[in-house]
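Below you'll find the structure, written out as structure tokens, and then a few comments.
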Amino acid sequence: MDFILLGPPGAGKGTQAKLMIDKWDIPQVSTGDILRAAVREGTPLGVEAKGFMDRGELVPDRVVIGIIAERLKEKDAAHGFILDGFPRTIPQAEALQEILDGLGRDIDHVISIEVDDEELVTRLTGRRMCKACGESFHVVFNPPVEEGVCDRCKGELYQRDDDREQTIRQRLSVYSEQTRPLIAYYEKQGKLRRIEGTGSIDNIFSRVVKAAGN
Ligand code: AP5
Ligand code: MG
Ligand code: ZN
């Protein structure tokens with residue numbers, strides 16, 4: 001199964017991806033996680049990406065397309081993958097299609113998770129993320145068993161630099177302008193599955209499974 005998780009910042013893409021990994025035994029490919037790891041390690045990629053990320057803007061298409069072209073060739077993605085946060089622009093979607101054509105495969109389902117803006121701001125301002133595995137928690141809605149520690153891998157939890165209210169608003173407006181057009185793009189291709197993104201995390205996961213047809 002080849003999936004794209006589409007949705008605004010805070011919609012629950014990362015949260016649902018972790019559940020999908022367990023069900024389908026396929027990797028999550030999150031450009032955000034890959035870029036944050038590069039920033040932390042201070043690699044040339046990280047140095048280039050940091051300013052854009054801190055401002056809540058998109059990193060240039062050329063950069064993220066290169067990441068995905070390499071990542072999807074890896075062995076663990078041979079039987080499927082979950083793209084989380086990619087593509088985010090029409091040129092990225094077109095480049096993805098070329099990459100997949102080259103590999104002789106195609107996207108099965110584009111799952112669009114829909115949540116309104118005020119709920120997104122509340123989710124993101126209370127989010128805590130694991131430094132080691134990228135799992136998302138929320139101080140109120142999804143607290144870890146032990147404060148500051150990841151349930152999944154015992155890694156340290158932190159607050160993302162771009163989870164400040166002003167940057168969140170900027171990310172939401174970038175989503176509306178540059179990423180939302182992908183909904184119509186994939187709808188035209190018959191690949192779009194819309195799901196309501198509010199309710200419990202488990203309920204939303206049931207909708208994901210249903211949207212995937214099993
Ligand atoms: P990225 O890391 O992809 O961030 P994003 O798209 O802004 O999405 P988030 O990770 O913030 O949200 P999410 O949907 O994963 O929500 P989560 O599950 O954590 O990108 C970051 C930056 O990197 C971009 O701004 C850009 O600069 C750059 N970048 C990345 N990809 C790029 C690309 N392709 N092109 C160009 N630039 C790129 O959940 C959020 C919170 O809600 C958590 O606290 C969670 O516990 C909670 N929650 C989850 N589900 C529920 C629920 N059902 N009820 C209540 N709370 C819930
Ligand atoms: Mg995420
Ligand atoms: Zn973890």
Side-chain angles (χ1 to χ4, degrees), residues 4-20 28-39 45-46 48-68 71 82-93 95-96 111-115 119-144 148-163 167-175 178-179 182 195-208:
I4 293 173
L5 285 176
L6 190 62
K13 302 181 294 295
T15 302
Q16 294 299 322
K18 298 297 180 202
L19 300 170
M20 295 167 74
Q28 171 193 16
V29 176
S30 158
T31 39
D33 286 349
I34 293 168
L35 292 167
R36 276 184 292 279
V39 169
L45 169 65
E48 183 173 6
K50 187 176 186 323
F52 295 103
M53 297 175 80
D54 286 348
R55 290 191 298 275
E57 293 167 8
L58 295 183
V59 171
D61 287 341
R62 151 188 69 76
V63 174
V64 288
I65 290 166
I67 293 174
I68 291 296
R71 181 65 185 86
I82 306 151
L83 285 175
D84 162 5
F86 183 95
R88 270 171 135 96
T89 63
I90 298 281
Q92 289 180 23
L96 174 65
I111 308 220
S112 170
I113 308 179
E114 304 184 345
V115 177
E119 165 86 9
L120 294 171
V121 175
T122 312
R123 286 187 185 186
L124 291 173
T125 48
R127 174 164 61 184
R128 298 293 179 272
M129 273 184 79
C130 176
K131 261 188 188 156
C133 78
E135 177 98 338
S136 291
F137 296 88
H138 189 281
V139 290
V140 179
F141 305 140
N142 183 27
V149 180
C150 176
D151 290 354
R152 175 178 279 257
C153 78
K154 302 285 167 210
E156 187 191 335
L157 302 186
Y158 76 109
Q159 188 163 19
R160 269 169 51 176
D161 289 340
D162 59 352
D163 279 350
T167 316
I168 293 168
R169 302 267 177 207
Q170 171 64 18
R171 286 159 61 205
L172 292 174
S173 96
V174 166
Y175 172 83
Q178 302 193 52
T179 306
L182 291 177
I195 66 167
E196 163 66 49
T198 42
S200 77
I201 290 169
D202 288 342
N203 267 331
I204 295 162
F205 185 59
S206 309
R207 293 173 203 152
V208 171

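For this chain, numbers begin at 1 and follow the sequence in order. Atoms within a ligand are numbered from 1 in the order they appear, just like the ligands themselves. Note: hydrogens, waters and symmetry copies are ignored here, and every other heavy atom, side chains too, is used.
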Assess, by modelled atom type and distance only, whether the side chains of Thr167 and Asp162 contain a donor and an acceptor separated by less than 3.5 Å.
no

Leu6 vs Ile111, test: side chain to side chain contact (heavy atoms under 4.5 Å, CB included). Steps then yes/no.
CA-CA 6 Å; Leu6 190 62; Ile111 308 220; over 6 Å; no

Quick one: SG on Cys133 to NZ on Lys18, what's the gap to the nearest 0.5 Å?
5.0 Å

Does any N or O in the side chain of Lys13 come within less than 3.5 Å of the main-chain N or O of Pro8, such that one atom is a donor and the other an acceptor?
yes

Partners of Arg36 by salt bridge (Lys or Arg N to Asp or Glu O under 4.0 Å), sequence neighbours excluded?
Asp33

With sequence neighbours excluded, what pairs up with Arg169 under the side-chain hydrogen bond (donor to acceptor under 3.5 Å, both in side chains) test?
Glu118, Glu165

Okay, side chain of His138, backbone of Thr125: is any donor-acceptor separation there less than 3.5 Å?
no

Ligand 1 N/O to protein N/O, distances under 3.5 Å:
unit_1, atom_1, unit_2, atom_2, d
ligand 1, 2 (O), Arg36, NH1, 2.8
ligand 1, 2 (O), Arg36, NH2, 3.0
ligand 1, 2 (O), Arg160, NH1, 3.4
ligand 1, 2 (O), Arg160, NH2, 3.4
ligand 1, 3 (O), Arg88, NH1, 3.1
ligand 1, 4 (O), Arg160, NH2, 3.1
ligand 1, 6 (O), Lys13, NZ, 3.2
ligand 1, 6 (O), Arg88, NH2, 2.6
ligand 1, 7 (O), Arg171, NE, 3.4
ligand 1, 7 (O), Arg171, NH2, 2.7
ligand 1, 8 (O), Lys13, NZ, 3.1
ligand 1, 10 (O), Arg127, NH1, 3.2
ligand 1, 10 (O), Arg160, NH1, 3.0
ligand 1, 11 (O), Arg127, NH1, 3.1
ligand 1, 11 (O), Arg127, NH2, 2.8
ligand 1, 11 (O), Arg171, NH2, 2.7
ligand 1, 12 (O), Gly10, N, 2.8
ligand 1, 12 (O), Arg127, NH1, 3.4
ligand 1, 14 (O), Ala11, N, 3.3
ligand 1, 14 (O), Gly12, N, 3.0
ligand 1, 14 (O), Lys13, N, 2.8
ligand 1, 14 (O), Lys13, NZ, 2.9
ligand 1, 15 (O), Gly14, N, 2.9
ligand 1, 16 (O), Gly12, N, 3.3
ligand 1, 18 (O), Gly14, N, 3.4
ligand 1, 18 (O), Thr15, N, 2.8
ligand 1, 18 (O), Thr15, OG1, 2.6
ligand 1, 19 (O), Arg127, NH1, 2.7
ligand 1, 19 (O), Ser136, OG, 2.5
ligand 1, 20 (O), Arg88, NH2, 3.4
ligand 1, 27 (O), Glu57, O, 2.6
ligand 1, 31 (N), Thr31, OG1, 2.7
ligand 1, 31 (N), Gly85, O, 3.4
ligand 1, 31 (N), Arg88, NH1, 3.1
ligand 1, 34 (N), Gly85, O, 2.9
ligand 1, 34 (N), Gln92, OE1, 3.0
ligand 1, 35 (N), Gln92, NE2, 3.0
ligand 1, 37 (N), Val59, N, 3.1
ligand 1, 44 (O), Phe137, O, 2.7
ligand 1, 46 (O), Phe137, O, 3.4
ligand 1, 53 (N), Gly199, O, 2.9

What protein N/O/S atoms are found closer than 2.8 Å to the Zn ion (ligand 3)?
Cys130 SG, Cys133 SG, Cys150 SG, Cys153 SG

Check whether any side-chain heavy atom of Phe52 lies under 4.5 Å from a side-chain heavy atom of Leu58, and answer yes or no.
no

Of the options Thr15, Val149, Leu157, which is the one that meets Phe137 in a side chain to side chain contact (heavy atoms under 4.5 Å, CB included)?
Leu157

